[in-house]
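Source: prediction; values computed, not measured. Below, each value reflects all heavy atoms present in this structure, side chains not excepted, and no hydrogens, waters or symmetry copies.
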Amino acid sequence: MKKIDLAQQFLQANLSALQCPICQGAFATISDHHLVCEAGHSFDLAKNGTLYFLPKQMKSEYTKEMLSHRRAFLQAGFFKPFLDEIAKQLTANSRILDVGCGEGTPVYQLAQQVPAQYIGFDISKPAIQLASDYNQEGWFCVADLARMPFADQSLDTVLNIFSPSQYQEFKRVLKPDGQLIKVIPNAGYLHELRELLYQGQEKESYDHGPVLDLFEQHFPGYQEIQVQQKMTLTPETLADLVEMTPLTWTATEAQLQAITLAALPEISLDVTVLVGKQ
């Protein structure tokens, strides 16, 4: 079956989980690859099965080249330790949204462990175009975090992995017994790279205290899971890391050469998985 037809099939089964981002009304029909709300606003499925919900093009720093390096690095297993922990919190056949899903690899890897109805969205059109490669593991769209195209109390789980939060929107779309799972970096996250690039500068360290405090305000009594592991780097995975991480986006040519000369043998994954219940 073509991607566009698989997407229409998915949307037909999950129509009640969507709402029009223009008028916040319910979607009435999905047919002939057109999604139409009760007020008549229409959105057309692309050939790859994705939808573009933004009213206008929005700028993103995430290029297709950078996202391709990110995919290669994640497929090498960098996120696997904390994705395994997230999988333990998920329920089969539930409806799961990945906010800021990027090129879709986390959804794909979670779907291998927990069969469910996965939806991913991102503000980056190149990211969603790549994510459509995982068409059978989830459905992907381009949308705005501040006005998500999902209905009130329609989702079992919202995933928020290294991406901005909009807690009022998260609470709106979660079912009464739903959960928000947020992944935040700890001080040791990519510390080898931080120290090499920004020794003695503010970017050398990271404090997640303010992010944690805000999460607790919205989800008191949350569960906290610490995940720490080192990944052995090859020349290929080091190159992918350098190209994908925002840490290098403002680096000088000399700093980037220092990474090559250092030939980092390993890199640290150090994160906290926060699980908040409605």
Side-chain angles (χ1 to χ4, degrees), residues 1-60 90-91 93-102 104 107 111 115-129 131-132 134-160 163-181 218 278:
M1 188 180 293
K2 294 180 179 179
K3 288 183 177 183
I4 194 170
D5 295 320
L6 281 170
Q8 178 163 301
Q9 190 177 74
F10 180 90
L11 291 173
Q12 188 68 63
N14 291 276
L15 200 61
S16 63
L18 302 176
Q19 76 171 28
C20 178
I22 298 174
C23 67
Q24 286 71 59
F27 280 107
T29 61
I30 171 73
S31 62
D32 297 325
H33 308 139
H34 302 297
L35 182 64
V36 184
C37 81
E38 293 172 335
H41 299 118
S42 178
F43 301 87
D44 298 336
L45 280 167
K47 288 182 179 180
N48 60 14
T50 64
L51 269 177
Y52 191 87
F53 280 118
L54 298 180
K56 61 181 180 180
Q57 184 76 35
M58 300 185 76
K59 289 185 178 181
S60 171
L90 303 180
T91 303
N93 303 316
S94 60
R95 191 177 285 145
I96 300 165
L97 172 68
D98 185 8
V99 173
C101 66
V107 162
Q117 296 166 316
Y118 290 93
I119 300 170
F121 85 86
D122 202 287
I123 201 171
S124 166
K125 188 175 181 180
I128 295 304
Q129 288 174 333
S132 70
Y134 298 129
N135 185 273
Q136 296 195 44
E137 278 71 35
W139 177 71
F140 301 92
C141 61
V142 181
D144 185 0
L145 175 64
R147 186 172 288 188
M148 299 196 298
F150 308 107
D152 296 356
Q153 299 184 5
S154 60
L155 304 172
D156 297 287
T157 299
V158 170
L159 304 177
N160 190 214
S163 60
S165 298
Q166 180 57 261
Y167 288 107
Q168 295 307 319
E169 276 289 270
F170 295 164
K171 289 182 173 183
R172 178 183 67 78
V173 301
L174 281 171
K175 293 178 180 179
D177 59 348
Q179 62 180 351
L180 171 65
I181 301 178
H218 291 279
Q278 277 280 66

**Request:** For the pair Thr157 and Thr91, evaluate side-chain contact (heavy atoms from CB on, under 4.5 Å) and give the outcome as yes or no after the intermediate values.
**Result:** CA-CA 9 Å; Thr157 299; Thr91 303; over 6 Å; no
**Prompt:** Do Val107 and Tyr134 come within less than 4.5 Å of each other through their side chains, counting heavy atoms only?
**Reply:** no
**Request:** Return yes if some donor-acceptor pair links the side-chain N/O of Trp139 with the main-chain N/O of Gly49 below 3.5 Å, else return no.
**Result:** yes
**Asked** At what distance, to the nearest 0.5 angstrom, does NZ of Lys47 lie from NZ of Lys3?
**Response** 12.5 Å
**Asked** Which atoms form the tightest heavy-atom contact between Leu145 and Ser165, and what is the distance?
**Response** CD2-C, 4.0 Å
**Asked** CD1/Ile119 to CG/Leu18 distance, rounded to the nearest 0.5 angstrom?
**Response** 6.0 Å
**Asked** If you draw a 6.0 Å radius around CD in Gln24, do more than 12 non-hydrogen atoms from other residues or ligands fall strictly inside?
**Response** yes
**Request:** Mark yes or no for whether Gln117, through its side chain, and Asn14, through its backbone, hold a donor-acceptor pair below 3.5 Å.
**Result:** no
**Item:** Summary of salt bridge (charged side-chain N to carboxylate O under 4.0 Å, His left out) pairs that have at least one residue in residues 139-159, sequence neighbours excluded
**Value:** Asp152-Arg172, Asp156-Lys175
**Asked** Sequence neighbours excluded, which residues qualify as side chain to side chain donor-acceptor pair (under 3.5 Å) partners of Ser124?
**Response** none
**Request:** Spell out, as yes or no, whether a donor-acceptor pair under 3.5 Å connects the side chain of Ser132 to the backbone of Gln129.
**Result:** yes
**Item:** Residues Asn135, Phe10; criterion side-chain contact (heavy atoms from CB on, under 4.5 Å); working and verdict
**Value:** CA-CA 10 Å; Asn135 185 273; Phe10 180 90; over 6 Å; no
**Heavy-atom side-chain contact between Asn48 and Ile128 under 4.5 Å** = no
**Asked** Residues in ring pair (Phe, Tyr, Trp, His ring centres under 6.0 Å) with His218, at least two apart?
**Response** Tyr167
**Message:** Test of understanding: with salt bridge (Lys or Arg N to Asp or Glu O under 4.0 Å), list the residues that count as partners of Lys125, not counting sequence neighbours.
**Reply:** none
**Where Leu45 and Ala7 come nearest, the two heavy atoms and their spacing** = CD2-CB, 4.0 Å
**Request:** Could you walk me through whether Leu6 and Gln136 pass side-chain contact (heavy atoms from CB on, under 4.5 Å), step by step?
**Result:** CA-CA 8 Å; Leu6 281 170; Gln136 296 195 44; 3.7 Å; yes
**Item:** Atom of Val142, atom of Ile123 and distance for their closest heavy-atom approach
**Value:** CG1-O, 3.8 Å
**Message:** Using every non-hydrogen atom in the two residues, find where Pro149 and Phe53 come nearest and quote the distance to one decimal.
**Reply:** CG-CD1, 3.6 Å
**side-chain contact (heavy atoms from CB on, under 4.5 Å) partners for Ser154, two or more places apart** = Ala17, Arg95, Phe150, Ala151
**Request:** Please report the shortest heavy-atom distance between Gly102 and Asp122, naming the atom on each side.
**Result:** N-OD2, 2.9 Å
**Message:** What verdict does the side-chain contact (heavy atoms from CB on, under 4.5 Å) test give for Ile96 and Gln179, after you've listed the backbone C-alpha separation in whole Å, the side-chain angles of each residue and the deciding distance to 0.1 Å?
**Reply:** CA-CA 10 Å; Ile96 300 165; Gln179 62 180 351; over 6 Å; no
Return a table of donor-acceptor pairs under 3.5 angstrom between the side chains of residues 26-43 and protein atoms on other chains or two or more places apart.
residue: His33; atom: NE2; partner: Asp5; partner atom: OD1; Å: 2.9
residue: His34; atom: ND1; partner: Asp44; partner atom: OD1; Å: 2.5
residue: His34; atom: NE2; partner: Asp32; partner atom: O; Å: 3.4

**Item:** Thr50 side, atom OG1; Phe121 side, atom CZ - distance, nearest 0.5 Å
**Value:** 14.5 Å
